[in-house]
Novice: 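Before I ask anything, here is the structure I am working with.
Naming: A, B, ... by sequence-line order, numbering from 1 per chain.
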Number of protein chains: 2
Amino acid sequence: MEFDDKVPIYYQIKTAIYDQIISGQLAPGDKLPAIRQLAVSMTVNVNTVQRALSEMITEGVIISRRGRGNFVTDNAQVVEQLKQQLITSYLKQLYDRLHRLNISDEQMIAELTVYIERQGDSNGNDIED
Amino acid sequence: MEFDDKVPIYYQIKTAIYDQIISGQLAPGDKLPAIRQLAVSMTVNVNTVQRALSEMITEGVIISRRGRGNFVTDNAQVVEQLKQQLITSYLKQLYDRLHRLNISDEQMIAELTVYIERQGDSNGNDIED
DNA sequence: TATAGTGTAATAGAAAACTAGTACACTAAC
DNA sequence: GTTAGTGTACTAGTTTTCTATTACACTATA
C-alpha cells in the first residue's frame with residue numbers, strides 16, 4: 001500500500017479500511033484480515049495496524065474479539081452514519097479549500113463537472129451506482 | 001492560526017500562504033511579512049516558517065532577498081499555474097475519495113450541490129467571483 | 001493438553017517534526 | 001560606521017510516529 005508522507009500511516013490505514021466498509025467491500029459482520037496479515041500486506045509494523053484498529057474500535061465501527069478476530073459492526077446504522085460523516089467531511093474540505101481560493105459556488109460545480117468528464121474520458125471507468 | 005494535527009505544520013503554513021496568493025490577498029510582487037512576524041502571528045517557531053518558505057522559494061513562487069524580505073513572484077503565469085495545479089489536486093483528492101466510496105459521478109455533483117446550498121443558507125456568505 | 005492463530009501491549013531505538021536559542025550574512029536608513 | 005530589521009542556518013532537546021522484538025492473554029481445533 002502506498003502512503004502519503006504528509007499524513008501518519010496509521011491514519012491512512014484507518015481511512016482505507018473505512019473506505020472498504022462504506023463501499024461494501026467489507027460488509028457489516030464481516031471479519032477483517034488478522035492484524036499480522038494486514039501488517040504484511042501493507043508493509044507496515046503490526047503496532048501501526050493495531051494503532052489504526054484501536055481508533056476504529058473506539059469509534060464503534062470495528063468490534064474486537066481477542067483470540068477470534070476483528071469484525072465490522074453489524075449495526076448498519078453505524079456504517080451509514082460513518083458514510084455520511086466521511087462524505088460531509090470530504091465535501092467540507094474541498095469547499096473550504098476552493099472557497100479560500102475565491103472560487104464561486106458555480107465555479108466549484110463547473111470545475112468538478114469538467115474534472116469528472118476528463119476522468120471518464122481518460123480512464124473509461126465511469127461506474128454508475 | 002489553527003493547525004490540523006495530522007499534517008506537518010510547515011506544510012499547512014505553505015498551503016495557507018499559497019491560498020492568499022491565489023485568492024489575490026497577496027498580489028504578484030507583494031512583500032510577505034517577515035519570517036519572525038509570521039512566526040509570532042502563527043504561534044510557531046521561526047524555523048518552522050522558514051521551512052515552509054524554503055519550499056515555496058524552491059518552487060519559484062516566492063522570491064527571497066536576504067536582508068530585504070520575501071516577495072511573491074511577479075510572474076503571473078507562475079501564480080496561474082500554481083492555481084490550476086492546486087485546484088486540480090483538490091478535485092482529484094475529492095474525486096478519488098468519493099470514488100472509493102462507490103459514489104457515482106452524478107452523485108458527487110449532486111452531493112456537492114446540496115452541500116453548497118446548505119453552506120449558503122447557514123452562512124449567508126455566498127461570494128460571487 | 002498442546003498447538004496454531006488471534007488480539008494487545010510493553011520496551012527500545014530511529015527518524016521526522018517542532019521548539020528554543022543562538023549566531024551569521026545581507027540591506028537600508030540614519 | 002552603527003543600528004535595526006531582514007533572511008538563513010546551526011545545535012540541542014522534546015514529542016510524535018514508526019519499527020523491531022518480545023511476551024502475554026484469549027480462542028478454536030486436534
Side-chain angles (χ1 to χ4, degrees), chain A residues 1-18 20-21 26-74 78, chain B residues 1-18 20-21 26-74 78:
Chain A
M1 177 166 160
E2 224 170 309
F3 295 109
D4 173 359
D5 68 357
K6 291 293 184 284
V7 177
I9 291 176
Y10 76 87
Y11 192 78
Q12 295 177 62
I13 294 170
K14 178 183 166 187
T15 301
I17 294 177
Y18 275 179
Q20 290 177 23
I21 293 172
L26 283 169
D30 272 9
K31 180 173 178 290
L32 268 62
I35 299 284
R36 288 173 180 79
Q37 193 177 335
L38 283 172
V40 167
S41 63
M42 294 177 174
T43 323
V44 298
N45 192 262
V46 169
N47 292 321
T48 305
V49 178
Q50 181 61 32
R51 170 74 192 266
L53 265 298
S54 284
E55 292 201 2
M56 295 186 272
I57 292 164
T58 299
E59 290 170 20
V61 180
I62 296 294
I63 307 303
S64 172
R65 291 287 175 264
R66 184 191 290 221
R68 289 185 57 196
N70 287 312
F71 301 82
V72 180
T73 180
D74 54 15
V78 166
Chain B
M1 177 166 163
E2 224 171 310
F3 296 109
D4 173 359
D5 69 355
K6 292 292 185 289
V7 177
I9 291 178
Y10 76 87
Y11 192 79
Q12 296 178 62
I13 293 172
K14 178 183 165 186
T15 301
I17 294 177
Y18 274 178
Q20 290 178 22
I21 293 173
L26 282 169
D30 272 10
K31 179 172 179 289
L32 268 61
I35 299 284
R36 288 173 178 82
Q37 193 178 336
L38 284 172
V40 167
S41 63
M42 294 177 174
T43 321
V44 298
N45 193 262
V46 168
N47 294 317
T48 303
V49 178
Q50 181 61 31
R51 171 73 194 265
L53 266 297
S54 283
E55 293 201 1
M56 294 186 271
I57 292 165
T58 299
E59 290 170 19
V61 179
I62 295 296
I63 308 300
S64 172
R65 290 289 177 263
R66 182 191 293 219
R68 288 183 59 195
N70 288 311
F71 301 83
V72 180
T73 181
D74 54 16
V78 166

Novice: For A:K6 and for A:K31, locate the closest nucleotide of DNA chain C by heavy-atom distance; then report the residue assigned to the nucleotide nearer the 5' terminus.
Specialist: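 Per heavy-atom nearest nucleotide, the more 5' residue is A:K31.
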
Novice: When you measure only distances, ignoring hydrogens and angles, does the side chain of B:N47 come within 3.5 Å of the base of C:dG21 through a donor and an acceptor?
Specialist: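 Yes, the side chain and the base share a sub-3.5 Å donor-acceptor pair.
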
Novice: Please give, in whole Å, the distance from D:dT17 P to A:D4 CG?
Specialist: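 Taking CG of A:D4 and P of D:dT17, I get 15 Å after rounding.
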
Novice: With respect to the side chain of B:A34, which nucleotide from D:dC10, D:dT6, C:dG7 is positioned closest?
Specialist: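 My answer, after comparing the listed nucleotides, is D:dT6.
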
Novice: For the residue pair B:I17 and B:L53, establish whether any side-chain heavy-atom pair is separated by less than 4.5 Å.
Specialist: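 Yes, their side chains come closer than 4.5 Å.
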
Novice: Looking at the side chain of B:S64, which of D:dT8, C:dA17, C:dT8 is the nearest nucleotide?
Specialist: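 Closest nucleotide to the B:S64 side chain: D:dT8.
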
Novice: Which nucleotide in the set C:dC26, D:dT21, C:dG21 lies at the smallest distance from any side-chain heavy atom of B:R66?
Specialist: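 Ranking C:dC26, D:dT21, C:dG21 by closest atom to the B:R66 side chain puts C:dC26 first.
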
Novice: Quick one: B:Q37 CD to D:dG5 P, roughly how many Å, whole number?
Specialist: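 After rounding, the gap between these two atoms is 11 Å.
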
Novice: Is the shortest side-chain heavy-atom distance between B:I57 and B:N70 below 4.5 Å?
Specialist: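 When only atoms from C-beta onward are counted, B:N70 and B:I57 do touch, with a gap below 4.5 Å.
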
Novice: If you pin A:N45 and B:G69 to their nearest nucleotides in DNA chain D, which one's is more 5'?
Specialist: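 It is B:G69 whose nearest nucleotide is closer to the 5' end.
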
Novice: Mind calculating the distance between CG (A:D5) and P (D:dC18) to the nearest angstrom?
Specialist: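 From A:D5 CG to D:dC18 P: 12 Å.
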
Novice: Looking only at non-hydrogen atoms, find the nearest pair between A:K14 and A:A52 and report the distance.
Specialist: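 Of all heavy-atom pairs spanning A:K14 and A:A52, the closest is N-CB, 3.9 Å.
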
Novice: Please confirm whether the shortest side-chain N or O distance from A:R51 to OP1 or OP2 of D:dT17 is below 4.0 Å.
Specialist: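 Affirmative; the distance criterion is met.
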
Novice: Output the single nucleotide from D:dA20, D:dC18, D:dT8 whose closest atom is nearest the side chain of A:Y10.
Specialist: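 Nearest nucleotide to the side chain: D:dC18.
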
Novice: How many whole angstroms separate atom CD of A:E55 from atom P of C:dT8?
Specialist: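 Roughly 14 Å, once rounded to whole Å.
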
Novice: Without swapping roles, check the side chain of B:Q12 against the backbone of B:V7 for a donor-acceptor pair under 3.5 Å.
Specialist: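 Such a contact is found between B:Q12 side chain and B:V7 backbone.
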
Novice: Taking all non-hydrogen atoms of both residues, which atom of A:P28 and which atom of A:D74 are closest, and how far apart?
Specialist: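 Reported closest heavy-atom pair: CB-CA, 3.7 Å.
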
Novice: In whole Å, I'd like the distance from the CD1 atom of B:I9 to the P atom of C:dA20.
Specialist: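 B:I9 atom CD1 is separated from C:dA20 atom P by 11 Å.
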
Novice: In the structure I gave you, are the side-chain heavy atoms of B:Y10 and B:N47 within less than 4.5 Å of one another anywhere?
Specialist: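 Sidechains of B:N47 and B:Y10: no contact.
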
Novice: Tell me which nucleotide among C:dC18, D:dC18, C:dC26 gets nearest to the side chain of B:T48.
Specialist: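 The answer is C:dC18, which lies nearest to the side chain.
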
Novice: Between B:I35 and A:V7, name the one whose nearest nucleotide on DNA chain D is closer to the 5' end.
Specialist: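 Looking at the nearest nucleotide for each, B:I35 comes out on the 5' side.
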
Novice: Between D:dG7 atom P and B:L38 atom CG, what is the distance in whole Å?
Specialist: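 Taking CG of B:L38 and P of D:dG7, I get 8 Å after rounding.
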
Novice: Let me know the distance between CG of A:N70 and C1' of C:dG5, rounded to the nearest Å.
Specialist: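 Answer to the nearest Å: 13 Å.
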
Novice: Please state how far atom CZ in A:F3 lies from atom P in D:dT17, giving the value in whole angstrom units.
Specialist: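 In whole Å, D:dT17 P and A:F3 CZ are 15 Å from each other.
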
Novice: Considering only D:dT8, C:dT8, D:dC10, which nucleotide approaches the side chain of A:V46 most closely?
Specialist: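 So the nucleotide nearest the side chain must be C:dT8.
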
Novice: Could you please name the option among C:dG7, C:dG21, D:dC18 that lies closest to any side-chain atom of A:P8?
Specialist: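 Among C:dG7, C:dG21, D:dC18, the one nearest the side chain of A:P8 is D:dC18.
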
Novice: C:dT19, D:dT6, C:dA9: which one has an atom nearest the side-chain heavy atoms of B:R36?
Specialist: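 Taking heavy atoms from C-beta onward, the closest nucleotide is D:dT6.
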
